[in-house]
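All ligand and atom numbering here is 1-based and tracks the order in the structure. Values in this document were obtained by computation on a predicted structure and should not be read as measured data.
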Amino acid sequence: METVQIAIAGVGLVGRRHADAINQLKHVTLSGVVDPSDEGRAYAQDRGVPCFDTLEDLFAAQKPDGLVLATPTPLHVEQGLEAVRHGCPVLVEKPLATSASEARTLVDQAEANSVPILVGHHRRHNPLIRKAHEVVSAGGIGEVRAVHVNCWFYKPDHYFDEAPWRKKAGAGPISVNLAHDVDLIRHLCGEVQSVQAQSAPSMRGFENEDVAAAVLRFENGAIGTITVSDSIVAPWSWELTSNEYPIYPPTPESCYMIGGAHGSLSVPDLRLWTHQDGMRDWWTPIAATTLIREASDPLVNQMHHFADVIAGRADPLVSGREGLRTLKVLEAIQAACKTGKIVEIHPGQDIETEGEYAAAG
Ligand SMILES: NC(=O)C1=CN([C@@H]2O[C@H](COP(=O)(O)OP(=O)(O)OC[C@H]3O[C@@H](n4cnc5c(N)ncnc54)[C@H](OP(=O)(O)O)[C@@H]3O)[C@@H](O)[C@H]2O)C=CC1
Ligand SMILES: O=C1CO[C@H](CO)[C@@H](O)[C@@H]1O
């Protein structure tokens, strides 16, 4: 297998995880880093790769086979378009952009120029999600009727102080965190048709909401409830339950409950609940079996997949178009929080918002 050269723009929190993932793969190497910060330069030096201040400088000096964009979200579209101009496949971190209309410009340009975009919804590369998808789509719980999603944790003040863009409009937990959950819920339960939602402004004085709840109606008739907060002390989030990344101390709880006409599945513990003898009857004993699944690092799996996409061996599992659909749901949640109205999601039509994501609270 030929070596795939990948550059990373933005070597902060998640950019370094991508670099670690590259390290795990024999056929992928880090060709360079784009990051204007002193920390970025020091990191590149440690890794023994060149560091550039801008993407323009990177492309003037080398032609990587692929680029990871792990920069602050407001930079994704402009930098993604630059990668597309250079014909360079790009893995863009989530969310794809700060607004769906901007994201569409990037996705349209990439498709018109046949440059693959992969969106960093890495949880889809987790074997436990593959298993959950396999069971739900094979009818293992019958028709999906309802889903409940919990995304509650407490981010310490220094998380915000270290990267002040995280306090600014557009970087609230709906955009930064719920992006992953909405992507997974669409993947497991189907497309979202309409949204109602409420949010509360940040008690820490940031420009975003710090708690929000939404009711989702899916195209298949299912209903979902989803709540998010980065200022609640609790164990019920993907981070604290999936055991995916060691910096989050794991708990044995779950964060999603998917309810079907014949059974229910909790995720990520993958407990499948059914009544004895296949009965559907609340007076018959109900019990859970835990589904067997493999375990591996989704960031490494995603990087392996990106190398396959670059080599033309695979189509993006989470394409730019997919990332855009998730972004539209997030935008609908933001719009519903602001207006208090039901927001319908129509394919190919923008959600009416006041421009970019503003504070929902
Ligand atoms: N998939 C996942 O699990 C995660 C995804 N994310 C997403 O990844 C993105 C980055 O988030 P996060 O890692 O927390 O951000 P950080 O702030 O930790 O890192 C961003 C890095 O990009 C640098 N940077 C700023 N401007 C440029 C530029 N023009 N070109 C290149 N580098 C630049 C920053 O430097 P400086 O500090 O000087 O500004 C910083 O080093 C966001 O979109 C976020 O939503 C984040 C966390 C996890
Ligand atoms: O994408 C994400 C945003 O940041 C969070 C905190 O660092 C991550 O846990 C999450 O996966």
Side-chain angles (χ1 to χ4, degrees), residues 7-21 32-44 46-47 50-59 67-83 90-99 102-103 106 118-126 129 151 153 155-156 158-184 208 228 230 237-240 242 244-248 297-303 305-306 317-318 323 326-327 330 357:
I8 301 180
V11 281
L13 192 64
V14 77
R16 290 171 194 225
R17 288 186 72 195
H18 288 297
D20 291 344
V33 156
V34 182
D35 196 314
S37 68
D38 291 345
E39 292 82 3
R41 258 187 293 278
Y43 181 78
D46 272 2
R47 295 291 305 253
C51 186
F52 305 94
D53 280 352
T54 65
L55 270 188
E56 208 180 349
D57 294 345
L58 169 84
F59 286 123
L67 172 71
V68 175
L69 273 186
T71 46
T73 308
L75 300 176
H76 291 177
V77 170
E78 183 194 320
Q79 294 185 322
L81 286 170
E82 182 144 11
V90 57
L91 192 175
V92 187
E93 261 308 337
K94 46 49 63 179
L96 194 44
T98 51
S99 74
E102 276 194 333
L106 173 58
L118 186 64
V119 184
H121 289 294
H122 66 269
R123 295 181 192 173
R124 284 222 212 169
H125 299 266
N126 192 318
I129 288 301
C151 180
F153 35 65
K155 290 179 179 171
H158 66 78
Y159 166 92
F160 298 99
D161 294 336
E162 280 157 12
W165 69 272
R166 295 175 180 148
K167 300 180 184 179
K168 302 280 181 204
I174 294 178
S175 164
V176 170
N177 302 99
L178 217 50
H180 285 300
D181 302 286
V182 165
D183 174 68
L184 284 189
N208 297 293
V228 62
D230 58 14
S237 60
W238 175 270
E239 279 78 3
L240 270 65
S242 66
E244 182 177 273
Y245 188 29
I247 65 168
Y248 299 104
D297 183 340
L299 262 292
V300 177
N301 297 344
Q302 179 179 248
M303 191 58 72
H305 174 67
F306 186 38
L317 180 67
V318 187
T326 288
L327 191 52
L330 296 174
Y357 274 167

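Atoms of ligand 1 lying under 4.0 Å from at least one heavy atom of Q79, given by number and element, are 28 (C), 29 (N), 30 (N). Residue V34 approaches ligand 1 through these ligand atoms, each under 4.0 Å from one of its heavy atoms: 31 (C), 32 (N). Short contacts between ligand 1 and H76, defined as distances under 4.0 Å to a heavy atom of the residue, involve ligand atoms 43 (O). If you number the atoms of ligand 1 from 1 as listed, the ones under 4.0 Å from a heavy atom of A163 come out as 17 (O). Taking every non-hydrogen atom of H122 and a distance limit under 4.0 Å, the qualifying atoms of ligand 1 come out as 1 (N), 2 (C), 3 (O). Those atoms of ligand 1 that come under 4.0 Å of a heavy atom in L75, given as number and element, are 26 (N), 27 (C), 28 (C), 29 (N).
Using a 4.0 Å heavy-atom cutoff, H180 is listed among the residues neighbouring ligand 1. Heavy atoms of E39 come nearer than 4.0 angstrom to ligand 1 in no pair at all. Residue P95 places a heavy atom under 4.0 Å from ligand 1. Contact annotation: G120 has at least one heavy atom less than 4.0 Å from an atom of ligand 1.
Every residue meeting the ring-ring contact (aromatic ring centres under 6.0 Å, His included) condition with H121, not counting sequence neighbours, appears here in chain and number order: H180.
Between L13 and ligand 1, at least one N/O pair is under 3.5 Å apart. Residue-to-ligand polar distances keep D53 apart from ligand 1: every N/O pair is separated by 3.5 Å or more.
Rounding to the nearest 0.5 Å gives a distance of 9.0 Å between CZ of R123 and CG of D183.
Contact annotation: for A70 versus ligand 1, heavy atoms closer than 4.0 Å belong to the backbone alone. If you look at H121 next to ligand 1, there are no close heavy atoms at all, none under 4.0 Å.
Among pairs with a residue in residues 158-174, those fulfilling salt bridge (Lys or Arg N to Asp or Glu O under 4.0 Å) read D161-K167, K168-E207, at least two apart in sequence or across chains.
Here the side chain of D35 pairs no donor or acceptor atom with the backbone of R41 at under 3.5 angstrom.
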